[in-house]
Amino acid sequence: MEWTTDVARGDWIRERLDDRLTASIHALVPRGFEAYARVLHPATRERPVGATWPPEPVERHRAEWDAFSRAGHSLDSAAVTWAETADAFDSRVDPRGPWHELVGFDESHSGEQARDDAGWRYTEPEEGRLDAASLASIVRVLARFTGTGDDVVAGIWDGWGGVLGFMGSAPSRATLTLSGSPAGTDDDERRRHAEFLAQSIHDPFNSPFAKVSWQPGILSEDISRGPRLALPGRDHVLFRASLAEFAQPSWAALVPWADEVAEWTASPSLVWPADRAWVLATDVDLDSTLIAGSAALVDALRAAPSLETVDLPEDTTLRP
């Protein structure tokens with residue numbers, strides 16, 4: 001995989017997108033394809049073994065949560081589909097609807113997590129990022145529906161923190177390690193903690209006078225300063241790649257923008273092959289991934305047992 005400055009390769013996508021202010025799927029995936037699909041990002045759920053969760057919100061029940069924590073209960077945890085979640089909450093999956101409609105409230109605003117009658121507590125799907133295994137599963141399907149699988153473009157949104165360098169007075173990323181240092185001494189921990197605080201605490205009195213310098217990200221300065229594919233509301237850094245590079249979950253540790261912790265690596269925001277047979281888009285504000293392609297491709301995605309996919313008619317509007 002290598003960086004490309006040929007951002008004109010994506011001009012055809014921009015020409016077929018709707019305005020970003022619309023809620024149409026065509027603000028993200030281009031018009032002109034036979035069919036469209038929405039791959040729902042998996043959620044997770046967990047419950048304590050031999051116990052029940054304390055009441056929420058945590059702030060009002062701190063004593064109960066402190067006691068629960070001290071008890072050291074083990075937790076059962078598992079990935080869960082939207083359909084399984086709908087069954088648990090006696091709701092239904094609407095192809096146009098968001099996750100929070102399944103569980104009855106928006107946990108990002110309520111400060112609580114949904115719980116079902118069986119004691120499972122649910123964590124909402126991640127927005128803007130496909131887990132490594134799910135992307136690999138999708139790519140293995142996509143590879144069957146292009147003649148140019150060895151010539152694809154992968155775009156990464158330029159807004160992910162720490163991926164790109166920039167001119168500023170604070171680092172683009174800072175990591176605090178609490179344990180497990182190579183030296184393993186308390187002094188090492190305190191030193192790293194002090195360095196972290198020195199880099200990350202906002203000082204409203206002195207920051208106007210801080211020296212502005214280049215703050216490196218994961219990607220090189222050349223890439224960080226390089227051209228972007230500008231789409232409505234989103235700019236992307238482009239890489240030439242092959243589908244084989246994403247066909248196994250290990251891609252998350254191998255892409256040029258890989259994080260030190262592979263689970264934190266951003267999945268590509270855009271992928272399309274040279275023959276333009278399909279387009280994959282994972283937007284930072286969406287709890288699912290959109291794919292435009294042929295009807296046969298959408299059928300194959302729906303048939304993949306490791307994926308949860310719904311059809312979307314052209315011009316579908318997704319509810320927030």
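We use all heavy atoms of the structure for the numbers below, so side chains are in, but hydrogens, waters and symmetry mates are not.
Legend: salt bridge (charged side-chain N to carboxylate O under 4.0 Å, His left out) pairs involving residues 234-244, not counting sequence neighbours, sorted by first then second residue: R234-D283, R234-D285.
S213 and Q215 share a side-chain donor-acceptor pair at under 3.5 Å.
Results of the side chain to side chain contact (heavy atoms under 4.5 Å, CB included) test with I291 over V298, V29, I138, L312 single out I138 as the only residue that passes. Under the side chain to side chain contact (heavy atoms under 4.5 Å, CB included) rule, T289 has a single partner from V271, L280, L40, which is L280.
Between T146 and L142 there is no side-chain heavy-atom pair separated by less than 4.5 Å. Between L28 and L17, the closest side-chain pair of non-hydrogen atoms is not below 4.5 Å. When side chains are defined from C-beta on, W12 counts as touching P30, because their heavy atoms get closer than 4.5 Å. In this structure, the side chains of R96 and T317 stay at 4.5 Å or more apart for every pair of heavy atoms. Put simply, the side chain of S91 does not reach to within 4.5 Å of the side chain of E101, judged on heavy atoms. Between T265 and V255 the shortest side-chain heavy-atom distance falls below 4.5 Å. D315 has its side chain within reach of H26: a pair of non-hydrogen atoms, C-beta onward, lies under 4.5 Å apart. Between P268 and T282, every side-chain heavy-atom pair lies at or beyond the 4.5 Å cut-off.
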Derivation and outcome, side chain to side chain contact (heavy atoms under 4.5 Å, CB included), residues L231 and H236: CA-CA 8 Å; L231 299 181; H236 301 81; 3.9 Å; yes
Side chain to side chain contact (heavy atoms under 4.5 Å, CB included) assessment of L135 paired with D131: CA-CA 6 Å; L135 179 61; D131 66 276; over 6 Å; no
Side chain to side chain contact (heavy atoms under 4.5 Å, CB included) between W251 and S267, worked out: CA-CA 9 Å; W251 68 262; S267 60; 3.8 Å; yes
Stepwise salt bridge (charged side-chain N to carboxylate O under 4.0 Å, His left out) test for R121 and D116: CA-CA 7 Å; R121 186 176 69 171; D116 66 21; over 6 Å; no
Derivation of the side chain to side chain contact (heavy atoms under 4.5 Å, CB included) call for R228 and L164: CA-CA 12 Å; R228 311 279 203 271; L164 297 172; 3.3 Å; yes
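Annotation: cation-pi pair R129/W160 present, NZ/CZ under 6.0 Å from the ring centroid and within 45° of its normal.
I13 and I25 end up in the same hydrophobic cluster when Ile, Leu, Val, Met, Phe, Trp and Tyr side chains are linked at under 4.5 Å. A single hydrophobic cluster is seen to contain both V279 and L229, as judged by linkage of ILVMFWY side chains at heavy-atom distances under 4.5 Å, directly or through other members. Hydrophobic clustering of Ile, Leu, Val, Met, Phe, Trp and Tyr side chains at less than 4.5 Å, counting indirect connections, unites L301 with V152. No continuous path of ILVMFWY side-chain contacts below 4.5 Å connects V7 to W3, so the two sit in separate hydrophobic clusters. L286 and V93 are not part of a single hydrophobic cluster, where members link through side-chain heavy atoms under 4.5 Å apart.
You'll find the ring centres of W278 and W272 outside the 6.0 Å limit. Remark: aromatic rings of W257 and F239 are close, center separation under 6.0 Å.
The CG atom of L318 lies 8.0 Å from the OG atom of S24; values are rounded to the nearest 0.5 Å. The distance from atom OG of S250 to atom CD of E245, rounded to the nearest 0.5 Å, is 10.5 Å. Taking OH from Y36 and CG from L297, the interatomic distance works out to 12.0 Å, rounded to the nearest 0.5 Å. The OG atom of S269 lies 4.5 Å from the CD1 atom of I156; values are rounded to the nearest 0.5 Å.
When atom types are taken as modelled, the side chain of S242 and the backbone of D150 share no donor-acceptor pair closer than 3.5 angstrom. A donor-acceptor pair is defined here as one N or O able to donate and one able to accept, closer than 3.5 Å; such a pair exists between the side chain of T85 and the backbone of T81. No side-chain donor-acceptor contact under 3.5 Å links W120 to the backbone of T44. Listed for the W214 side chain is no donor-acceptor partner under 3.5 Å among the backbone atoms of E221. Using a distance-only test at 3.5 Å, with no hydrogens or angles considered, no donor-acceptor pair links the side chain of S134 to the main chain of L130. Within the 3.5 Å criterion, the main-chain N or O of Q113 finds no donor-acceptor partner in the side chain of R115. Looking only at distances, a side-chain donor or acceptor of H41 sits under 3.5 Å from a matching main-chain atom of E126. Under the 3.5 Å distance criterion, the side-chain polar atoms of R140 are matched with a main-chain donor or acceptor of A247. D158 places no side-chain N or O within 3.5 Å of a backbone atom of V237 that could act as its donor or acceptor partner.
Smallest separation of non-hydrogen atoms from T148 and P273: OG1-CB, 3.5 Å. The nearest pair of heavy atoms linking A27 to R20 is O-NH1, 4.0 Å. Closest approach of E308 and A83 over heavy atoms only: OE2-N, 2.8 Å. In plain terms, the two heavy atoms of A252 and A132 that are nearest each other are CB-CB, 4.0 Å. In this structure, W82 and P125 approach most closely via the heavy-atom pair NE1-CG, 3.7 Å. The two residues L102 and A86 have their closest heavy-atom pair at CD2-CB, 4.1 Å.
In this structure, R92 places its CZ atom where only 12 or fewer heavy-atom neighbours from other residues, nucleotides or ligands lie under 6.0 Å away. With a 6.0 Å radius and a threshold of 12 heavy atoms from other residues, nucleotides or ligands, R60 has its CZ atom at or below the threshold. For D19, the CG atom is densely surrounded, since the number of other residues' heavy atoms within 6.0 Å is greater than 12.
Between R45 and E84 there is no salt bridge, since no side-chain nitrogen of the basic residue lies less than 4.0 Å from a carboxylate oxygen of the acidic one. The residues R14 and D11 are annotated as salt-bridged, a charged nitrogen and a carboxylate oxygen being separated by less than 4.0 angstrom. Electrostatic pairing of R38 and D311 does not count as a salt bridge here, judged by no charged N lying under 4.0 Å from a carboxylate O.
With sequence neighbours left out, the side-chain hydrogen bond (donor to acceptor under 3.5 Å, both in side chains) criterion links R16 to no other residue. D6 pairs by the salt bridge (charged side-chain N to carboxylate O under 4.0 Å, His left out) definition with nothing, not counting sequence neighbours.
Relative ring orientation between Y122 and W99 is described as tilted, the plane-to-plane angle lying within the 30° to 60° band. Between W53 and F68, the angle of the ring planes lies from 30° to 60°, which puts this pair in the tilted group.
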